[in-house]
Amino acid sequence: MANSKKTSSSSSKKSSWGLNKISFWTIVAVTILYAIALILSACGVSSIVVNALQGLATAIMICIVAILAWRYVKSKPTVWKVLYFVCLLIVIAGIIVPLVIG
């Protein structure tokens, strides 16, 4: 029985996308987007393009964090879910409103 448990757990580790792996590859992807935005900004490319790349990087991070936060909150009482949605709406507004105003 011990051997069968080792086999099943070791095979699941090879194909799993754990929190650490998702976090690492998200940081890599976002770093690439920010680096491209930085280079384009230094080259004098339109600020619209640079802002779009930075906005995309920020959106990717918020999506990953929102998904992980929901996994934490979904089994909690309703007050936690309300707090989650209020915070998420404020974060989204904090991103969109400056883009529209500016």
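Only this structure's heavy atoms are used, side chains among them; waters, hydrogens and symmetry mates stay out.
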Donor-acceptor contact present, side-chain Ser23 to main-chain Leu19, <3.5 Å:
yes

Group every Ile, Leu, Val, Met, Phe, Trp and Tyr by side-chain heavy-atom contacts under 4.5 Å, then state whether Val65 and Leu33 land in the same group.
no

Smallest heavy-atom separation, Met61 atom then Val30 atom, equals CG-CG2, 3.6 Å

With Val82 via side-chain contact (heavy atoms from CB on, under 4.5 Å) - residues at least two apart
Thr78, Val86

Grouping I, L, V, M, F, W and Y whenever their side-chain heavy atoms are under 4.5 Å apart, do Ile60 and Val50 come out in a common cluster?
yes

Is the backbone of Val73 close enough, under 3.5 Å, to the side chain of Lys81 for a donor and an acceptor to pair up by distance?
no

Do the non-hydrogen side-chain atoms of Leu56 and Tyr34 ever get within less than 4.5 Å of each other?
no

Any chance you could measure Leu68, atom CG, to Cys63, atom SG, to the nearest 0.5 Å?
11.0 Å

Centre-to-centre under 6.0 Å for Phe85 and Trp70, is that the case here?
yes

Residues, nucleotides or ligands: over 12 heavy atoms within 6.0 Å of Ile48 CD1:
no

Is any side-chain heavy atom of Ile92 closer than 4.5 Å to one of Leu88?
yes

Taking side-chain contact (heavy atoms from CB on, under 4.5 Å) as the definition, give me every residue that meets it alongside Ile27, ordered by chain and number, with sequence neighbours left out.
Thr31

Between CD1 on residue Ile67 and CD1 on residue Ile62, distance to nearest 0.5 Å:
12.0 Å

Linking I/L/V/M/F/W/Y whenever any side-chain heavy atoms sit under 4.5 Å apart, do Leu38 and Val49 land together?
no

For the residue pair Tyr72 and Tyr84, establish whether any side-chain heavy-atom pair is separated by less than 4.5 Å.
no

